[in-house]
Amino acid sequence: MTAGTRPLAIGAALPRVDGPEKVTGSARYAYEQPPPGHPYGEPVYVHPLQADIARGRVDAIDTERANAVEGVLAVLTHRSAARLADTGDRELAVLQSDRVAFRGQFIGAVLADTPETARHAAALVSVDYAQEPHDTELLADHPGLYAPEHVNPSFETDTDEGDVDKAMAAAMVKVDRTYTTPMEHNNPMEPHTTVAVWHTSDDEAPDDEASAGSVAGASPEAPVRLTLYASTQGAHSVRKTLAPMFGLVPDQLRVVSPHVGGGFGSKGMPHAHDVLAALCARAVPGRIVKLAVTRQQMFSLTGHRTPTIQRVRLGADVAGRLDAVAHEVVERTSTVKEFAEQTACGTRMMYAAPHRRTTHRLAALDVPVPSWMRAPGEAPGIFALEVAMDELAEAAGLDPIELRVRNDPSADPETGKPWSGRHLVRCLAEGARHFGWQHRNPAPGARREGDELVGLGVAASTYPYYAPQGSRARVRYDGEGHWNVAIGAADIGTGSRTVLTQIAADALECPAASVTVELGDTRLPMATVAGGSAGTAAWGATVVAAAHAFRAAHGERPQPGAEAHGGAEAHPDTKRFAVHSFGAQFAEVRVDADTGEIRVPRLLGVFSVGRIINPVTARSQFIGGMTMGLSMALHEHSVLDHRTGHVVNHDFAGYHIATHADALGIEAHWLDEDDPHTNPMGARGIGEIGIVGCPAAIVNAVHNATGLRVRDLPITPDKLLH
Amino acid sequence: MDARITLHVDGDERPLTLDTRVTLLDALRDRLSVTAPKKGCDHGQCGACTVLLDGRRTLSCLTFAVAQDGAEVVTAAGLASYDGEPHPVQRAFLENDALQCGYCTPGQICSAIGMLAEAASGHPSHATPELADAGGRDGPGGGPGAPGGPDGARRTTAPVVLDDAEIRERMSGNLCRCGAYVNILAALRDHGATGVTA
């Protein structure tokens, strides 16, 4: 990757390569698959049946009236659905028993020749339940709290150094507060959708060279290959999870997802609808079956962020130097599958202190299965820590930036390893300059303009570097200067198709315009999931390795059709260094003194994330994350009715996300850097850090504006009108 | 119950027989394979399904296809010029990276084109100053020729100047979870200023 005479593609403002398809609406998402010309005839539409109790058993399910509707092809229930080969994952063991473990769980499905008929017939199914008492309410002292074996993905549940209680008792300046974040839903704009077809032996998927042999000898009644067009962040991970459940070897299951309408974690793993679609398709072999989860159904079925109750204790000397840091988290999981959000993990590395403790306790309740939502762990956890730091600054009489500077550790407090590059202080300093921090009046509630109370706030941000191993890529020379790079990765809107084009261009020493990147298909080489802000690092390094393998095999003058595969090794430095990204988030808020209405005219972030591959798509990732942070701060709250176990505000009328009118000035900057301890690109990852710290900056600004400290998200006006 | 209707979609005459329960959005996507309009909520809450219906921006999930017999429907797929050049608003979206996942984008673009036309023909919005001064709160339904405010001074036919507040307000029916609003504003700011409409 040397410059030579050709300008480097990495770092260039290459326009999003799939932009033209997206602005004309020709990019095909899952529901719009397969493209016209497929051999499967008219599709079959699925409308799922959902439990309307939160716990118990399906006693009787009467499908007679539904079956009698013209156009209905089948009604699946736990009695009629095919048996799965593996029911170990109870979120995915769909229609395998009569148990109901949360409200909204799938208890059946209607298949019909039109969506209208399927929906109508679904309303005609009557269900009797044997209902049992349920419990959906997370309490700080819930009697069922337990310590999970580890927290997501594989961090220690608890850490304890020194004696926090003793240090807190002795601290000159201290904060001991509880912060809460609510249940939140990812809500990507594209609802989760799976289109499924079981192939019979006389029904061949076009250009299917890979698995044609596997149907030899099979009878038309025994389809042995399945194709899923799925909205997923990882086609290969869907295949890996689902193939054994259907008794298939990986080659018998193809997953296709060239375009994905956002995910933010909820499409990071297969969910129950993927299984239900495949079960429904099993009932009508050779036909395409379409299952689009509705927006309302997404609130029960496609993951959410757990609510959290977080006690943070900070103890410091009079100069603000931390002596004790404790972060104790209570959160929720489901009874069918454990997800333990790593909420306090960011606190382990953010600031040093001799006495430190973090804990995570879960209550397994009768609720839908929580999972990843943008920056799981850091988004809620750094919110609590960074509001607590603001409270400590106030208690110590220090500027909040100065407090963070005084506590900036020279090595990772958790592991003792040197930082690959911790530039938080620089981010804070540059941010302060861009934002005009010097104009902040430290006295809360002191700045009033007309009816508005104006305040400024700051918070730190961080996100760890992940680079999951195991991805492979293929590089092929197509002749006449054209290159094809194939990797079974995903572009969920992040711009990965674009940045991999740039990375490949530099690795092959050719212009970006001569590279075509193919993604989103298990027929392409295995790639890890789009998650953990790791796509560019993991897949980019893989593409570089494949390009180098190509040059090693075929030299500088390859024949058209020449190809090579490659995979990257982990960078050895990632074991020796603590590798994390950092950022500084600033917010200006204006609070109506009479109504409590909060507006955020300015958000500004400065990020240290290693090398920026593409300033255009990177900026979009940062401002997008900050916009979601604004949304988390002011709007998002899934209201669970504990009498029914039902999210009552289960649509966009009730579950508010930031709209255009909410997003005012949002500015992102970054440090010009290159992390030599990560990967050939020197990049760390940018997809999640924008949301982290943003809600804390807004809470801190609201305090500066009003003198009121809101410790429970979201900051709705009622919380300012006591 | 089935009905026979004809839609004119992106310049093509598309006769079809359909169940009267089918929404315009589902008619386009499921019956005609016109998949540029997207389904994000099916409740008129997200704007992803926005098309231009007889020239006005419309949530296609909130209208039955049978009620639109004979209508002219333009989707994001039908905006390019005859020689294939993208519409200026599409080009502005590309130039400003006003999209990420792309799922809300066709609706945003149709909505923006409808919005620019509304402003050019004087439709007020919640953010229109004259409206605020007059104490009126009619919203975008007011339209040309709608009665003026109590003082009779409200103008509803002169083009509305699209400042940032106007654009944000008028585009708030189109949700974008990726958070591209800042870039969408930048894309439309150019067009508001230069008066480009459809």
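Because only heavy atoms are used, hydrogens play no part in the values below, and waters and symmetry mates are left out as well, while side chains stay in. Within every chain, numbering begins at 1; the chains are lettered A, B, ... in the order of the sequence lines, protein sequences first and strands thereafter. Keep in mind that this is a model prediction, so the values were computed, not measured.
The shortest side-chain heavy-atom distance between A:Arg16 and B:Leu99 falls under the 4.5 Å cut-off. Two residues are said to be in side-chain contact when any heavy atoms from C-beta on lie closer than 4.5 Å; B:Asp42 and A:Arg295 fail this criterion. Using a 4.5 Å cut-off on side-chain heavy atoms (C-beta onward), A:Pro20 and B:Leu94 make contact.
No side-chain donor-acceptor contact under 3.5 Å links B:Gln100 to the backbone of A:Gly495. B:Gln90 contributes a side-chain N or O that, together with a main-chain N or O of A:Val23, makes up a donor-acceptor pair within less than 3.5 Å. Panel note: side chain A:Glu116, backbone B:Arg21; no donor-acceptor pair is recorded below 3.5 Å. In this structure, the side chain of B:Arg168 engages the main chain of A:Ala663 through a donor-acceptor pair within 3.5 Å. B:Tyr103 contributes no side-chain N or O that, together with a main-chain N or O of A:Lys22, makes up a donor-acceptor pair within less than 3.5 Å. When atom types are taken as modelled, the side chain of B:Arg177 and the backbone of A:Ile657 share no donor-acceptor pair closer than 3.5 angstrom.
Between the SG atom in B:Cys101 and the CG atom in A:Asp491 there is a gap of 9.5 Å [rounded to 0.5 Å]. Rounding to the nearest 0.5 Å gives a distance of 10.0 Å between OH of B:Tyr181 and CG of A:Leu630. Note: B:Cys41 SG to A:Gln296 CD = 9.5 Å, rounded to the nearest 0.5 Å. With values rounded to the nearest 0.5 angstrom, B:Arg31 atom CZ is found 5.5 Å from A:Thr114 atom OG1. We find the CD-NZ distance between A:Glu32 and B:Lys39 to be 11.5 Å, quoted to the nearest 0.5 Å. Atom CE of residue A:Met189 and atom NZ of residue B:Lys38 lie 12.5 Å apart, to the nearest 0.5 angstrom.
With a threshold of 4.5 angstrom between heavy atoms, B:Asn96 does not approach chain A through any atom at all. For B:Ala77, the parts lying near chain A are the backbone and the side chain together; criterion is any non-hydrogen pair under 4.5 Å. For A:Ala653, the parts lying under 4.5 angstrom from a heavy atom of chain B are both the backbone and the side chain. For B:Ile109, the part lying near chain A is the side chain, with the backbone staying farther off; criterion is any non-hydrogen pair under 4.5 Å. Contact of A:Val260 with chain B is made through the backbone alone, with heavy-atom distances under 4.5 Å. The parts of B:Asp97 that come within reach of chain A are both its backbone and its side chain, each placing non-hydrogen atoms under 4.5 angstrom from that chain. Heavy-atom distances place no part of B:Ser33 under 4.5 Å from chain A, backbone and side chain included. Neither the backbone nor the side chain of A:Pro36 comes within contact range of chain B; no heavy atom of the residue lies under 4.5 Å from a heavy atom of that chain. Interface residue B:Arg29: only side-chain heavy atoms are found under 4.5 Å from chain A. Heavy atoms of A:Thr24 lying under 4.5 Å from chain B belong to its backbone as well as its side chain. Residue A:Thr117 touches chain B through both its backbone and its side chain, counting heavy-atom pairs closer than 4.5 Å. Both the backbone and the side chain of A:Ile666 come within contact range of chain B, judged by heavy atoms closer than 4.5 Å. Contact of B:Asp30 with chain A is made through backbone and side chain together, with heavy-atom distances under 4.5 Å. Interface remark: B:Arg170 contributes no atoms to any contact with chain A (heavy atom separation under 4.5 Å).
Ranked by heavy-atom pairs under 4.5 Å with chain B, the list A:Gly263, A:Ala658, A:Ala292, A:Pro43 is led by A:Ala658. When each of A:Leu664, A:Thr659, A:Thr627 is scored by its heavy-atom pairs under 4.5 Å with chain B, the top score falls to A:Thr659. Of the listed residues (A:Ser26, A:Ala27, A:Gly25), the one with the most heavy-atom contacts under 4.5 Å to chain B is A:Gly25.
Shown here is A:Arg119, whose CZ atom has no more than 12 heavy atoms of other residues, nucleotides or ligands within 6.0 Å.
Residues B:Asn183 and A:Ser620 bring a donor and an acceptor atom of their side chains to less than 3.5 Å of each other.
The two residues A:Ala661 and B:Ser172 come nearest to each other via the heavy atoms N-OG, 2.8 Å.
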Exercise. Are A:Arg619 and B:Val182 close enough, and set up right, to give a side chain to side chain contact (heavy atoms under 4.5 Å, CB included), and what steps lead you there?
Worked result: CA-CA 11 Å; A:Arg619 181 170 173 276; B:Val182 173; 4.0 Å; yes
